[in-house]
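One structure is given here, and the rest of the page talks about it.
Each chain gets a letter, A, B and so on, in the order the sequences are listed, and its residues count up from 1. Bear in mind the structure is a predicted one, so any value in this text is a computation, not a measurement.
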2 protein chains.
Amino acid sequence: MSAGVNLKELAAELKLSPSTVSRALNDSYEISEATKKKVISMAEKLNYQPNPFARSLRENKSKTIAVVIPERISSFFSKVVDGIEEITQQYGYHLLVYSTHEDVDREKKIVNLLMNGRADAIIMSVSSQTSDISHLTRLHERGFPLVFFDRICPDIPTTKFITNDYESGFEGTKHLIQQGCRKIAFLMLSKELSITKDRYRGYLDALRQAGLSPEPQLNITCCQEEEQNIEDIRQMLLSPNRPDGILSSVEKLALATYHAVKRTDLKIPQDLKIISFFSNLSIASLLHPSLTTITQPAFSIGEECAKLLMKKLTKPRQPDLPNQVISIPSKITIRSSTIAI
Amino acid sequence: MSAGVNLKELAAELKLSPSTVSRALNDSYEISEATKKKVISMAEKLNYQPNPFARSLRENKSKTIAVVIPERISSFFSKVVDGIEEITQQYGYHLLVYSTHEDVDREKKIVNLLMNGRADAIIMSVSSQTSDISHLTRLHERGFPLVFFDRICPDIPTTKFITNDYESGFEGTKHLIQQGCRKIAFLMLSKELSITKDRYRGYLDALRQAGLSPEPQLNITCCQEEEQNIEDIRQMLLSPNRPDGILSSVEKLALATYHAVKRTDLKIPQDLKIISFFSNLSIASLLHPSLTTITQPAFSIGEECAKLLMKKLTKPRQPDLPNQVISIPSKITIRSSTIAI
DNA sequence: ATAATATCTGCAATCGTTTCCGTATTTTAT
DNA sequence: ATAAAATACGGAAACGATTGCAGATATTAT
């Protein structure tokens, strides 16, 4: 199939033993410079490519990282994966990318498949459905290197990378209040999610600090159907108790809100102000009116995950991944959607 | 590392030989039902997971497909990969995903890395810089299964999946003409790209049919810097010879156009109509005004690529991938950006 | 009763590397 | 001059699975 020669054939061609050739190619001190040169040039001439599986079998590592994300069509997750690839590629590592489609059953299948060692580590963000995390604890307890980002499992003692969710939720809400909002809704993906909880705490504290009280009917949990989300939001906007501000903790719900508003007589920002966690900056400024955003450092998060793993996997005797949460701050960009009139 | 037992240990536990256990697990006719049952239940109990590298080494296949795309932050490519994953995952295949970032040098590195057999096949869309395709012909000549989609290499005799680029370019242009446009600009990624050529032919033929003549200064080729693209488009819009219609053959240039228009006094669709190849439908209808789109069947394209490959790779003696171009039609959705006033 | 066949299982080679040994030759030390 | 150490290489075992071949037992046929 793949036409190249193998080590034995290369050795035969050179009239050397496979072990010598292997050592020469791996720049072993046991081999003279002269033969190293010969071996290398012949290897190039015959286009020798070491078989990755033989090597993986022998070395018990695959030079592969698995990345598990909830969805691919998302500028946030795409940028994180770009950041991961930027680093891992420098180390010659490959990336297996899996999407759970926000489905915890698929997540479990994927994680269980990965237990056989096909990848040397996993970088993941859990699905919005994930509440039972036994598949993940099992993985971690077996000593499998596991790093979380964004949607993390706080109970699993490993390294997690997030943005400053609490502060961002707090500041975002505070901004709405400063712009005159008094009834602020909170849009989320799922109550179970770590990011939801942290951002919600920030939201609550900001309300409290301003002497406002949270109202349960101003919390909307997202479902998988975009149309359903739009309708749910529209219903809220049409209710007598409608909000005058919205903090969306997810990009897709901000878009759903714009759709919902189009179906009402309300105007942003006159009747309703909105701020959202949002990664697609080019789009944010094109929305009408342009959207005030909390931008997570997606690319950096990916890079940091990968840097940590590369250190652990490529240096000889590294300690376990420390149990800590590393936060990289988001940036709030104020645009028209929250301007006080 | 990964705690599981291996075949030998499992066999020892069962007081059987590794070969019997292997056969039992692979449901060989040579093994009695009784022992099969025993083996399987013990395998589950000890959580036996076959080592993928040992198996790959032996069988000379990896159950892995490599997907090479020009960029990750793109709803089109994300959907294609989703489509691929939908199929491959049913067959137990894994996906290595690489982004070239529209850089032909990175593309070459990736392709060369893949030649060692880490993946059983490649599904790819070439970078906008790719004109020398020697790295790809070499791969194909070695018998490596290779499938192209969207941005294809016409000269490599393998199967390619595209949308009806010519017709879509033709129909899109015709639509603009019907809405009253007389000076229609064409926005593209690179002149070398197969999709550019086909869509451009459609554009030219539609102009010709309407008795309009193409003007070279109304063609804009995209660069990698978004800001530069916006400025280039703005310059065109400010020129005395400015277009009254735009056919954008790429999503990102439609967005750049919206940005550029915001920096002028022009109004869409009054002063300028625009239609674009575009995959992010949710965004298209939120743009202001909403964007008339030519939507490629991204998910289906991914599925079809994967179905073809799965057939070739999992059935015993399959022929080579036939040299043909399979076209799956796009769909034009008319929105406000091309409405005649 | 003996041969032939069917049924089940084990031995050992194989895939392509890496690496622990061992060994032959050369260099350095005493 | 002889021992010790350094240098350069080859042989063979491993990694963990699959599978051709052969052997053992049980069943059936003659």
* To do: May I ask you to verify if any side-chain N or O of B:Thr35 is less than 4.0 angstrom from the OP1 or OP2 atom of C:dC8?
  => no
* Asked: Between the base of C:dG16 and the side chain of B:Arg58, is there any donor-acceptor pair under 3.5 Å?
  -> no
* Asked: Between A:Arg55 (CZ) and D:dA14 (C1'), how many Å, whole number?
  -> 17 Å
* Structure fact -> The nucleotide from D:dC15, C:dT19, D:dT19 with an atom nearest the side chain of A:Ser19 is C:dT19
* **Any A:Ser32 side-chain nitrogen or oxygen under 4.0 Å from OP1 or OP2 of D:dC9** => yes
* Check the distance between C:dT9's P and B:Leu14's CG and give it to me in whole angstrom. => 11 Å
* **Length of the CG-C1' vector between B:Leu57 and D:dA14, whole Å** => 13 Å
* Run the side-chain contact (heavy atoms from CB on, under 4.5 Å) check on B:Ile84 and B:Leu309 step by step: do they pass? -> CA-CA 10 Å; B:Ile84 295 171; B:Leu309 274 183; over 6 Å; no
* Asked: Could you give the NZ-to-P distance, from B:Lys36 to C:dC8, as a whole number of Å?
  -> 9 Å
* Rounded to whole angstrom units, what separation is found between the CG atom of B:Leu10 and the P atom of D:dT18? -> 11 Å
* **Minimum-distance nucleotide (side-chain atoms of B:Arg23 versus D:dC21, C:dT17, C:dC21)** => D:dC21
* Asked: Any ion pair linking B:Glu304 and B:Lys307 (charged N to carboxylate O, less than 4.0 Å)?
  -> yes
* Asked: When you measure from the side chain of A:Leu16, which nucleotide among D:dA17, D:dC21, D:dG10 comes out closest?
  -> D:dG10
* Identify, between B:Pro18 and B:Glu59, the residue whose nearest nucleotide on DNA chain C lies closer to the 5' end. => B:Pro18
* Give the nucleotide from the list C:dG16, D:dT18, D:dA17 with an atom nearest to the side chain of B:Asn51. => D:dA17
* Structure fact -> Between B:Glu30 and B:Phe53, whichever has its closest DNA chain D nucleotide further toward 5' is B:Phe53
* Asked: Whole Å only: how far is the CD1 atom of A:Ile31 from the P atom of C:dA24?
  -> 18 Å
* So, is A:Ser17 near the phosphate of D:dG10, with a side-chain N or O under 4.0 Å from OP1 or OP2? -> yes
* Structure fact -> From CG of A:Leu7 across to P of D:dG11 the rounded distance in Å is 13 Å
* Scan B:Glu33 against the nucleic acid and name what it touches under 4.0 Å (heavy atoms): base, sugar-phosphate only, or nothing. => nothing
* **salt bridge (charged side-chain N to carboxylate O under 4.0 Å, His left out) evaluation trace for B:Arg72 with A:Asp82** => CA-CA 7 Å; B:Arg72 248 189 216 96; A:Asp82 269 356; 2.8 Å; yes
* Answer yes or no: is there a donor N or O on one side and an acceptor on the other, between the side chain of A:Gln324 and the main chain of A:Thr158, under 3.5 Å? => no
* Asked: Can A:Glu86 and A:Lys79 be counted as an ion pair, charged N to O under 4.0 angstrom?
  -> no
* Structure fact -> Which of D:dA22, D:dG16, C:dG16 is nearest the side chain of A:Ala54? It is C:dG16
* Asked: Any side-chain N or O of B:Ser22 less than 4.0 Å from the OP1 or OP2 oxygen of D:dT18?
  -> yes
* Asked: Reckon B:Tyr48 has a side-chain N or O less than 4.0 Å from the OP1 or OP2 of D:dA17?
  -> yes
* Between B:Asn60 (CG) and C:dT17 (C1'), how many Å, whole number? -> 14 Å
* To do: Enter the distance from A:Lys36:NZ to A:Arg23:CZ here, rounded to the nearest 0.5 Å.
  => 11.5 Å
